[in-house]
Amino acid sequence: MSVPPREPRLPRAFFARDALVVARALVGCLVVHESPGVAARVARIVETEAYRGPRDLACHARVGLTRRTRTLLGEAGHAYVFVVYGMHDCFNVTCRGVGAGHAVLVRAGEPVTGLGEGVRLDGPGRFALAMGLTRGLDGADVTAPPVYLLSRAKRPRISVTPRVGVAYAGEWADRPWRFLDARSAHVSRPPRGALGRG
DNA sequence: CATATGATTCCA
DNA sequence: GGAATCATATGA
């Protein structure tokens with residue numbers, strides 16, 4: 001059994017920065033989800049992507065303020081959880097500040113505690129599912145329970161590639177805004193034909 | 001109200 | 001390579 005993590009909790013100021021900065025800084029950090037009746041689920045982030053507001057045509061904020069983007073356009077440090085392809089939840093954390101529309105998508109992690117050894121967290125859908133981060137948590141403050149993040153103990157080796165699954169966004173799809181722990185075996189396997197290397 | 005599409009995953 | 005499957009955005 002693992003020892004409970006003792007790293008400090010990430011404060012709102014951590015998230016109140018450009019998503020590009022936050023996305024890189026989150027690789028290696030821990031996500032904690034405490035829910036009643038089960039052990040706290042803890043995962044180490046090994047892959048993120050930055051989404052940078054209305055001008056970023058791959059970012060949901062491009063459509064302006066709607067019910068879906070209400071959280072995305074709100075205060076930094078909140079969970080932005082949405083459903084994609086009618087079946088998968090994606091867990092993001094809002095960044096920068098009100099109206100910015102910045103967020104970091106957590107695309108993969110590796111199990112730390114409360115998840116079991118064989119559990120796969122590679123891919124945004126699998127990460128959200130295993131961690132129990134469903135749409136009911138959309139808008140939740142991630143600086144306090146039940147969902148919060150912990151600082152990383154050591155700075156990981158980072159690889160950078162373009163974002164996955166955003167080919168529709170034209171030249172914005174080519175921006176190198178995906179960050180991976182270069183030494184982790186738990187990063188997602190990009191769709192066939194996608195650009196990028198580990 | 002009707003339609004198109006997607007920050008994915010699984011199967012053949 | 002292609003299906004599954006539906007919330008969301010957009011246009012009639």
Side-chain angles (χ1 to χ4, degrees), chain A residues 15 18-27 29 31 43 45-74 76 78-96 100-111 115 118-140 142 147 149 159-181 185-198:
Chain A
F15 303 103
D18 193 299
L20 203 52
V21 175
V22 178
R24 182 182 277 272
L26 275 180
V27 177
C29 294
V31 179
I45 297 172
V46 299
E47 178 177 343
T48 62
E49 281 177 359
Y51 288 85
R52 302 181 75 202
R55 287 180 30 207
D56 174 5
L57 296 186
C59 181
H60 291 165
R62 69 184 180 277
V63 301
L65 182 59
T66 64
R67 187 157 80 181
R68 185 198 210 185
T69 60
R70 180 183 158 98
T71 303
L72 175 59
L73 288 161
H78 289 255
Y80 170 48
V81 185
F82 63 89
V83 183
V84 72
Y85 297 111
M87 56 188 104
H88 300 295
D89 289 324
C90 291
F91 173 75
N92 308 247
V93 180
T94 57
C95 299
R96 217 170 87 154
H102 281 218
V104 171
L105 168 67
V106 178
R107 286 191 56 88
E110 48 190 40
L115 289 165
V119 176
R120 293 178 59 185
L121 301 166
D122 52 321
R126 275 192 286 264
F127 179 89
L129 179 65
M131 286 293 288
L133 301 170
T134 60
R135 204 165 42 125
L137 286 162
D138 181 57
V142 297
V147 180
L149 293 90
S159 296
V160 184
T161 81
R163 295 174 291 184
V164 173
V166 296
Y168 61 87
E171 62 178 271
W172 293 89
D174 300 328
R175 303 294 173 97
W177 292 351
R178 173 173 175 245
F179 301 91
L180 309 97
D181 179 339
H186 294 256
V187 298
S188 73
R189 182 175 66 79
R192 187 190 148 144
L195 301 175
R197 330 252 172 286

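None of the values given here were measured: they were computed from a predicted structure. Within every chain, numbering begins at 1; the chains are lettered A, B, ... in the order of the sequence lines, protein sequences first and strands thereafter. Because only heavy atoms are used, hydrogens play no part in the values below, and waters and symmetry mates are left out as well, while side chains stay in.
Under the stacking definition used here (centres under 5.5 Å, planes under 30°), the residue A/Tyr51 qualifies as stacked on the base of B/dA7.
To the nearest angstrom, P of C/dT10 lies 9 Å from CZ of A/Arg62. Per the geometry, CG belonging to A/Leu73 stands 11 Å off P belonging to C/dA9, to the nearest Å. Following rounding to the nearest Å, A/Glu47 (CD) and B/dT8 (C1') show an atom-to-atom distance of 13 Å. Distance CG (A/Leu65) to P (C/dA9): 10 Å, rounded to an integer number of Å. Atom OH of A/Tyr168 is separated from atom P of C/dT10 by 13 Å (rounded to the nearest Å). When the P atom of B/dT8 is taken as reference, atom CG of A/Leu129 falls 15 Å away, rounded to whole Å. A straight line from CG of A/Leu72 to C1' of C/dT8 spans 14 Å, rounded to a whole angstrom. Separating the CZ atom of A/Arg135 from the P atom of C/dC6 is a distance of 12 Å, rounded to the nearest angstrom.
The side chain of A/Pro124 sits closest to B/dT9 out of B/dT9, C/dA9, C/dA7. Candidate nucleotides B/dA7, B/dT8, B/dC10 were compared by shortest atom distance to the side chain of A/Arg126, and B/dC10 ranks first. Picking from B/dG6, B/dT9, C/dA9 the nucleotide with the shortest atom distance to the side chain of A/Val84 gives B/dG6. The side chain of A/Met87 approaches C/dT5 more closely than any other nucleotide in the set B/dA7, C/dA9, C/dT5.
Looking only at distances, a side-chain donor or acceptor of A/Thr69 sits under 3.5 Å from a matching main-chain atom of A/Gly64. With hydrogens and angles disregarded, a donor-acceptor distance shorter than 3.5 Å links the side chain of A/Arg163 to the backbone of A/Ala50.
Classification of A/Arg189 and A/Asp122 as a salt-bridged pair fails, no side-chain N sitting under 4.0 Å from a carboxylate O.
When the side-chain nitrogen and oxygen atoms of A/Arg120 are compared with OP1 and OP2 of B/dT8, none of them lie within a distance under 4.0 Å. OP1 or OP2 of B/dA7 sits under 4.0 Å from a side-chain N or O of A/His60. Distances shown here put a side-chain N or O of A/Arg107 below 4.0 Å from the OP1 or OP2 atom of B/dT8.
Within the 4.5 Å cutoff, side-chain heavy atoms of A/Val164 are placed close to those of A/Glu49.
Taking for each of A/His88 and A/Thr69 the nucleotide of DNA chain C with the nearest heavy atom, the 5'-most of the two is the partner of A/His88.
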Open item on the list: As a check on the pairing definition, encode DNA chain C in dot-bracket form, counting Watson-Crick and G-U wobble pairs whose two distances are under 3.5 Å, and using | for partners outside this strand.
Closed with: ||||.||||||.
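In plain terms, the two heavy atoms of A/Arg178 and A/Arg107 that are nearest each other are NE-NE, 4.1 Å. Between A/Val119 and A/Pro111 the shortest heavy-atom distance is O-CG, 3.7 Å. Shortest non-hydrogen contact noted between A/Ala100 and A/Pro54 is O-CD, 3.5 Å. Nearest approach of A/Leu180 to A/Val27, heavy atoms of both residues: C-CG1, 4.2 Å.
Distance noted for atom C1' between B/dT5 and C/dA3: 15 Å (whole Å).
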